[in-house]
Each structure stands twice: as C-alpha cells, then as structure tokens.
Colleague: 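One structure, as structure tokens, below. Some questions next.
If you read the sequence from its start, that first residue is 1, and numbering goes on from there. Order of listing sets the numbers, starting from 1, for every ligand and every atom in it.
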Amino acid sequence: MKYSLKEILDVAEEGGFAVPAFNVYNLETLMGVAKAAEETQAPIIIQMYSRLFNTGTGEFMAPTIKYVMNKLKTPIAFHLDHGAGIPECIRAMRFGTTSVMIDASTLPIDRNIETTKKVVDMAKEAGISVEGELGHIGSTKDEKWDAYTETDDAVRYVNETGIDALAIMVGTAHGKYAQAPVLAIDRIAEIHSQTKAHLVLHGGSGVPDDQIKAAVNAGIRKINFGTDVCYAFMDAYKELDPYSAPLDVTMSKVAENVKEFAIEKIKLLGACKIQ
Ligand code: 13P
Ligand code: ZN
C-alpha cells in the first residue's frame, strides 16, 4: 500500500518502533526486501541513492517499486536517499517517489535551512514528504565522526524548514565499521523530546543490535541499511555455482538471502506485524 514517508513514520511514532529503510540496487535486492515485507506484514521504506536515478537504473527500477507499493497490503514508501539538490529531488519525484531526502548537511546551517526549505515548499505542492539532514553523517573512512547534531540547531532547523523527517548525526557513518560504533542515545532522546520531525538514523549497517534497540527506544523512527543489503547479496552470490542452473534460478538464492537479512532487521526494529 502506497504511503508517504510522513504517514509511515507517523505509524511508527504511534507504535514506538522504527521502519527499516532498505537501499535497493537491482531486481534481486528489491525482490528480497519486498518479500520480507510481505512475509512479516511490516511497513518498510524502499529507497535508492540519487545516482541510481541519474544513471538510468532508477528508470528501470521505479516502475517495479511502484508495482510493489500497489501490490503489497502493508505500508510501503518509495524514497530518494541523499538527494544532492533540487534537480535531483524533482527527477526522483517524476519517477514516482513518495518522499525525497535533501542532503545539504555539508553547508552551514543557514544555507542548509534555505536549501531544505525550497525543497519542502516544492514537495508540499506535490504531496511529497521530505527528509533533511543536520549534522553531517559521513563515511566510516572519514577521520573524525563525532560532531553530533546540536539539539538547539535541530529545533531551529525543523521549525524553519517544516521537514517531516530529520537525519541526525549521533555517532553513525556510512559503510563498514572498523569498530562497532557507540551511539549518543541521550542526544537522540533529547532531540526527540524537543522536535516534531521523525528522527532518522543513517549508517545502520553494522550497528550492534543493543545500540539499535536503544536508539529506537530513544525515538529513532527510520533506520537506513545500505551496505548490509549489498553484503547480503554478495555473500550469497559468491557461494553460487554460476553455471549450475538458469540465471533466474541461481539468482533466486541471492534474493532469498536479502529477504532473510531484511526480516532480521524488521524484527529488530519492532516493525514485524506477525507473531
Ligand atoms: P549503510 O550503508 O552504512 O548501511 O548506510 C546506509 C544509509 O545511511 C543510506 O542513506
Ligand atoms: Zn545515509
């Protein structure tokens, strides 16, 4: 069932759980996460990085994602992840996303607010929800990643932009961690108590289960998984005997592994709707 990001995260806020946002890259990763949602009856967010819309993969994937939104009975949102600017957000909307992320987090706060607000004003006209980012969430390869989002800045950013969801820097980064991260759980709770926007945790891959649970308890409502989706695909792919069967048969094992991974995360986040 087609949901906007705001609608799906409102459900999570009410239920005190988080919705997993899975980055998809091809048909097998999409089929894996869709089957996981179907089996668990969980709400999920299917998202793609901006480059996939730019390189044409998104053009092929978007109609199938829209088909999944219409076919499944559980709430599904289709989201642009890390949109770099207004053109990227418009392009994703044209492909049928129900929400976009504008990532102006490397800009000073005033310019971040200005850019984000432009996207919010435009998206509102189209009934599209918006996620913004305040406090840059970088890569695990960066030297330093401890500049947490300040609560006062978050309050100002949410009030002045009118965003629906807010990605905050609380100790995570994108990619594979050399060492398990320790999240700023108190900061999450403080920002959650003072802002209306739904809070988003990026860099979910490799975060220990107890940290994920604590983050959800403190108020995180969307958790992004990208790297782990790739690993679930590749771990199964490298075990295959590529010439043993037709391609659709061998690749179904890969989609199955992505599904198993997604079910694990759905349960961890409290989003599973079956016993
Ligand atoms: P990971 O690849 O570290 O899971 O991060 C995903 C993400 O935050 C996508 O925006
Ligand atoms: Zn991210």
Side-chain angles (χ1 to χ4, degrees), residues 5 8-9 18-26 29-30 32-33 36 44-54 57-58 61 65 77-85 88-89 92 97 99-107 112 116 119 129-142 145 147-149 163-184 188 197-209 211-212 215-216 220-235 257-258 261-262 264-266 268-269:
L5 185 70
I8 213 166
L9 297 182
V19 181
F22 298 113
N23 285 78
V24 296
Y25 304 83
N26 58 15
T29 49
L30 173 58
V33 302
I44 64 162
I45 297 155
I46 298 173
Q47 61 185 20
M48 281 196 288
Y49 280 118
S50 203
R51 71 167 184 277
L52 280 95
F53 291 98
N54 295 348
T57 305
M61 297 278 289
I65 296 173
F78 176 20
H79 184 63
L80 165 69
D81 193 24
H82 292 286
E88 286 80 2
C89 291
T97 56
S99 54
V100 293
M101 174 183 187
I102 171 71
D103 179 358
S105 62
T106 52
L107 299 177
N112 187 351
T116 305
V119 172
S129 319
V130 179
E131 174 183 339
E133 176 169 325
L134 182 70
H136 179 61
I137 305 153
S139 158
T140 52
K141 295 189 183 109
D142 294 346
W145 28 292
Y148 301 148
T149 305
I163 46 157
D164 304 291
L166 172 65
I168 50 175
M169 171 50 186
V170 284
T172 56
H174 297 93
K176 188 172 165 47
Y177 296 102
Q179 256 187 342
V182 178
L183 307 192
I188 297 171
H198 297 302
L199 300 183
V200 183
L201 188 72
H202 283 241
S205 300
V207 177
D209 289 1
Q211 295 279 303
I212 294 265
V216 175
I220 290 286
R221 296 293 168 243
K222 171 178 184 266
I223 304 188
N224 290 3
F225 298 98
T227 303
D228 275 350
V229 174
C230 299
Y231 283 17
F233 180 102
M234 283 302 173
D235 288 351
N257 205 45
V258 173
F261 152 77
E264 226 177 83
K265 296 301 173 194
I266 284 169
L268 178 65
L269 271 53

Colleague: What residues, two or more places apart in sequence or in another chain, satisfy side chain to side chain contact (heavy atoms under 4.5 Å, CB included) together with Asp164?
Modeller: Lys6, Ser129, Val130
Colleague: Where do Thr29 and Phe233 come nearest, in terms of heavy atoms and distance?
Modeller: CG2-CD1, 3.9 Å
Colleague: Assess the residue pair Val33 and Phe225 against the criterion (side chain to side chain contact (heavy atoms under 4.5 Å, CB included)); give the C-alpha distance rounded to whole Å, side-chain angles, the decisive distance to 0.1 Å, and a yes or no.
Modeller: CA-CA 11 Å; Val33 302; Phe225 298 98; over 6 Å; no
Colleague: Can you name the salt bridge (charged side-chain N to carboxylate O under 4.0 Å, His left out) partners of Asp142, sequence neighbours left out?
Modeller: none
Colleague: Just by distance, with hydrogens left out, do Thr106 and His136 show a side-chain donor and acceptor under 3.5 Å apart?
Modeller: no
Colleague: Looking only at heavy atoms, which two atoms of Tyr49 and Leu80 are closest? And how far apart?
Modeller: C-CD1, 4.4 Å
Colleague: Would you check ligand 1 and list the protein residues that come within less than 4.0 Å of it by any heavy atom, ordered by chain and number?
Modeller: Asn23, Tyr49, Asp81, His82, Ala173, His174, Gly175, His202, Gly203, Gly204, Ser205, Asn224, Phe225, Gly226, Thr227
Colleague: Which protein N, O or S atoms lie under 2.8 Å from the Zn ion (ligand 2), given by chain and residue number?
Modeller: His82 NE2, His174 NE2, His202 ND1
Colleague: Minimum heavy-atom separation for Pro181 and Gly206, please, with both atom names.
Modeller: CD-O, 4.1 Å
Colleague: Side chains of Asn23 and Asp81: donor-acceptor distance under 3.5 Å anywhere?
Modeller: yes
Colleague: Before you tell me yes or no, could you show the steps for His82 and Ser50 under side chain to side chain contact (heavy atoms under 4.5 Å, CB included), namely the whole-Å CA-CA distance, both residues' side-chain angles and the distance that decides it to 0.1 Å?
Modeller: CA-CA 6 Å; His82 292 286; Ser50 203; 5.6 Å; no
